[in-house]
Amino acid sequence: MARETPEQWQVHLQSLAPELIEELNVKKEPDKGLKALDVEEGQQVVMRFAPNPNGPPTLGSTRGIVVNSEYVKKYGGKFIIRFDDTDPQTKRPMLEAYDWYVDDCKWLGADPDEVVIASDRIPVYYDHARKLIEMGHAYVCFCDGEVFKKLKDAKQACPHRDVSPEENLKHWDRMLAGDYEEKTAVLRIKTDITHKDPALRDYGAFRIVKTPHPRPEIGDTYCVWPLLDFEGAIEDHELGMTHIIRGKDLMDSEKRQGYIYNYFGWQYPKTTHWGRVKMHEFGKFSTSGLRKAIEDGEYSGWDDTRLPTIRAIRRRGIRPQAIRKFMIEMGVGETDISISMDSLYAENRKLVDPIANRYFFVWDPVELEITGAKPCMITPALHPTEDRGCREIEVNDRVYTCREDVEKLEAGSKIRLKDLYNVEITSTSPLRAKYLDDCIGSVKKEKMRIIHWAPMDGVTVKVLSPDGEFKGIAEKQVTTEQDNVVQFERFGFCRIDTVDVEEVVAYYTHK
RNA sequence: GCUCCGAUAGUGUAGCACGGCCAAUCAUGCAGGACUCUCACUCCUGCGACUGGGGUUCGAAUCCCCAUCGGAGCACCA
């Protein structure tokens with residue numbers, strides 16, 4: 001039989017089963033927002049965000065917060081924040097960060113239904129460890145790390161693997177009692193020492209750490225601490241987690257934890273993984289490196305505008321709704337991505353543009369003396385399209401202008417001072433001009449540049465931005481805008497942070 | 001070395017489970033234009049992608065194999 005083309009095939013189908021053709025032409029509705037979750041009939045969704053509070057929450061954390069909480073909102077369930085703070089040494093928790101995480105979650109519209117701190121629940125982990133030892137699924141290993149690794153890589157069991165549960169319980173009790181030094185003993189979960197994936201062979205579940213925990217209520221209560229795979233496995237079951245979304249670096253975790261779930265006869269939550277997100281604008285930040293840089297005064301603090309912390313983003317006037325939208329539209333993909341802040345800024349601009357009052361702000365100010373103009377008061381609108389009232393600016397015989405605007409001028413140049421009047425430059429140093437007229441028609445006719453300016457009675461403003469600091473003069477009315485996002489015309493959006501007698505401090509939001 | 005994952009415009013993303021609606025969605029970005037007493041906003045137009053090669057099929061972004069590239073795990077970190 002001769003080969004058929006798709007067209008011929010359609011003709012055949014048309015004669016055989018025209019209803020199938022109809023079906024082909026039905027448009028599939030594209031899914032908006034997050035993909036559906038695999039939820040069982042009548043199941044209450046329980047999801048969590050589980051950070052180690054060893055540093056402040058960052059923009060990266062918002063993905064976990066927003067996506068997990070969004071699913072919970074969508075399906076109606078429980079959102080838990082769980083602090084995986086079981087390493088008092090290497091990734092030592094930072095006391096302030098606990099509150100920061102909860103606070104930032106609330107700010108992001110992800111008020112947790114429950115807050116769990118792992119270091120409060122060490123006895124729970126001990127109980128489960130004991131049961132596993134009794135069942136013969138865990139053993140205390142006294143091998144040196146290097147030695148064990150060699151054996152493991154060669155798919156060989158270490159001598160401690162076959163010790164009886166009774167014997168192991170004794171070792172375990174001595175571990176808990178503090179009889180062993182750090183690095184001399186570790187509790188391992190028995191998996192399959194010959195597993196083809198070396199990552200899954202007998203992994204560590206508890207180790208000895210004699211450094212006290214930073215939380216005063218815990219301190220030196222324990223010297224045996226669970227590792228993430230163990231702690232997470234137990235907690236996810238204890239808390240009734242139904243779905244987990246986490247980094248794909250934890251993919252093997254699921255397989256490792258699967259052994260524990262099998263031993264206990266538990267059902268593993270449904271998991272999804274996502275890749276790493278990097279922002280173009282931010283380099284690599286390590287918490288420890290940052291802490292040092294802050295102590296050294298390189299950054300003003302954890303909310304320095306140059307940092308990717310949520311605290312900094314908030315202070316800059318980014319709205320939580322913008323972050324939510326940004327994170328939700330990014331979705332949950334396994335690819336590692338590197339994304340630009342531009343998209344986040346675009347979302348935020350949509351929210352902020354209609355409500356931000358407009359003001360003049362002149363950076364790198366230069367005085368311009370004007371002759372021939374009468375003192376006056378003008379009342380430009382606070383917003384070009386929204387009816388938000390107006391501001392009042394008094395002008396006498398001089399104003400401030402931006403250096404970068406007037407540098408290009410020469411004697412004879414005609415410019416429009418926005419919302420004021422037109423002038424002609426008579427001298428560039430000192431900078432002088434003479435009044436021409438205040439007819440907007442002539443601006444268009446002569447294609448004059450329109451520049452903004454600031455009155456002599458303006459306030460000193462310091463703008464802190466990721467690209468550095470701008471100092472200048474703004475209309476004094478900005479002092480009424482504390483905590484609001486305003487737009488400095490031809491400069492960008494800023495959040496008015498503090499208002500002092502000598503100076504207003506603003507945080508740069510975005511263009 | 002062993003083991004796992006992934007790859008759609010500059011950047012993200014939809015489509016892939018179940019192959020024809022896909023000469024491929026949306027957003028952002030960039031370019032041009034309109035509007036505007038802001039370089040903002042709004043509006044219009046344009047730019048731009050299925051990693052490569054085989055296979056299966058009448059038909060492949062979608063299924064299979066190989067290659068390439070990228071990421072991750074093999075911690076007494078999370």
Side-chain angles (χ1 to χ4, degrees), chain A residues 1-10 12-13 21 23-28 30-32 35 50-52 54 84-87 89-93 141 143-145 148-149 152-153 155 182-188 195-201 203-209 225 227-229 231-232 247-253 255-256 273 275-277 280 325-326 329-331 333-340 342-347 349-350 352-354 356 358 360 380 383-386 416-420 422 440 443-444 448 450-452 487-493 510-511:
Chain A
M1 190 169 124
R3 295 223 145 189
E4 287 180 281
T5 64
E7 290 72 27
Q8 289 170 315
W9 180 85
Q10 285 231 358
H12 278 284
L13 189 59
I21 299 268
E23 209 173 290
L24 279 177
N25 292 330
V26 174
K27 266 276 180 207
K28 282 180 197 161
D31 276 347
K32 285 275 174 196
K35 277 181 198 142
N52 174 9
N54 65 333
D84 287 343
D85 62 342
T86 55
D87 177 11
Q89 206 163 49
T90 319
K91 289 197 174 165
R92 190 173 171 80
C141 172
C143 291
D144 176 77
F148 184 83
K149 183 176 164 45
K152 183 201 69 186
D153 286 346
K155 300 186 179 179
E182 288 186 9
K183 303 212 181 256
T184 57
V186 54
L187 186 79
R188 288 187 190 285
H195 198 287
K196 64 172 181 168
D197 184 348
L200 302 189
R201 300 173 197 154
Y203 61 92
F206 285 84
R207 81 310 204 181
I208 298 164
V209 180
W225 290 90
L227 288 149
L228 178 73
D229 282 333
E231 179 264 330
K248 66 173 182 184
D249 50 319
L250 264 32
M251 267 179 165
D252 288 337
S253 266
K255 294 179 192 153
R256 281 197 283 253
H273 298 96
R276 261 202 120 55
V277 184
H280 293 328
K325 190 137 187 274
F326 175 70
E329 283 183 0
M330 195 154 79
E334 284 193 14
T335 330
D336 292 327
I337 54 176
S338 180
I339 193 168
S340 161
D342 283 346
S343 305
L344 175 60
Y345 292 158
E347 291 299 344
R349 198 177 290 116
K350 285 178 199 158
V352 136
D353 185 78
R358 270 55 173 174
F360 289 144
H383 196 280
T385 53
E386 310 284 316
R416 168 70 174 186
L417 295 172
K418 188 171 185 287
D419 296 317
L420 187 60
N422 308 331
I440 192 64
V443 173
K444 287 186 179 162
M448 287 184 208
I450 298 168
I451 66 166
H452 66 287
Q487 189 200 40
F488 287 140
E489 293 195 15
R490 306 210 304 142
F491 180 72
F493 292 91
H510 45 66
K511 189 85 196 149

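Labels below follow one simple rule: chain letters A, B, ... track the order of the sequence lines, proteins then strands, and each chain is numbered from 1. Source: prediction; values computed, not measured.
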Task: Any Arg349(A) side-chain nitrogen or oxygen under 4.0 Å from OP1 or OP2 of U42(B) - done: no

Check: protein-nucleotides 48-50 of chain B nitrogen or oxygen pairs below 3.5 Å:
none

TODO: For Asp336(A), answer base if it contacts any base atom (sugar-phosphate contacts may also be present), sugar-phosphate if it contacts only those atoms, and nothing otherwise; contact means non-hydrogen atoms under 4.0 Å.
DONE: sugar-phosphate

Task: Lys91(A) side chain reached by Asp85(A) side chain, heavy atoms, under 4.5 Å - done: no

TODO: Map Ala185(A) and Glu347(A) onto RNA chain B by nearest heavy atom, then report which one ends up closer to the 5' terminus.
DONE: Glu347(A)

- [ ] Using a 4.0 Å heavy-atom cut-off across all strands, classify Pro384(A) as base, sugar-phosphate, or nothing.
- [x] base

TODO: Could you give the distance separating A67(B) and A75(B) at their C1' atoms, to the nearest angstrom?
DONE: 33 Å

Task: Lys152(A) vs C76(B): side-chain N/O to OP1/OP2 distance below 4.0 Å - done: no

Open item on the list: In whole Å, I'd like the distance from the CD atom of Glu334(A) to the P atom of U13(B).
Closed with: 12 Å

Open item on the list: Determine whether a donor-acceptor pair (one donor, one acceptor, N or O, separation below 3.5 Å) exists between the side chain of Gln487(A) and the base of U38(B).
Closed with: yes

Open item on the list: For a quick test of reading the model, state the closest non-hydrogen atom pair linking Phe206(A) to Val186(A) and the distance between them.
Closed with: O-CG2, 3.0 Å

TODO: Would you indicate, yes or no, if G70(B) has its OP1 or OP2 atom less than 4.0 angstrom from a side-chain nitrogen or oxygen of Arg276(A)?
DONE: no

TODO: Please measure how far the C1' atom in A61(B) lies from the corresponding atom in U45(B), and state the result in whole Å.
DONE: 28 Å

Open item on the list: For a quick test of reading the model: is some side-chain N or O of Thr86(A) closer than 4.0 Å to OP1 or OP2 of A78(B)?
Closed with: yes

TODO: Could you run through RNA chain B and flag its stems, i.e. three or more consecutive Watson-Crick or G-U pairs with both distances under 3.5 Å?
DONE: B:1-7 with B:68-74, B:10-12 with B:26-28, B:29-34 with B:42-47, B:51-55 with B:63-67

TODO: Give a yes/no on whether any side-chain N or O of Arg490(A) is located under 4.0 angstrom from OP1 or OP2 of C37(B).
DONE: no

Task: Separation between the P atoms of G46(B) and G53(B), rounded to whole Å - done: 30 Å

TODO: Report yes if at least one side-chain N or O of Lys196(A) is closer than 4.0 Å to OP1 or OP2 of C4(B); otherwise report no.
DONE: yes

TODO: Verify the contact: side-chain N or O of Lys444(A) to OP1 or OP2 of C37(B), cut-off strictly under 4.0 Å; return yes or no.
DONE: yes

Task: Inter-residue atom distance Arg201(A).CZ - Asp153(A).CG, 0.5 Å rounding - done: 6.5 Å

Open item on the list: Counting the atoms with a prime plus P, OP1 and OP2 as sugar-phosphate, which does Leu228(A) contact under 4.0 Å by heavy atoms, base, sugar-phosphate, or nothing?
Closed with: base

TODO: Figure out the CE/P separation between Met448(A) and U38(B), and round it to whole Å.
DONE: 15 Å

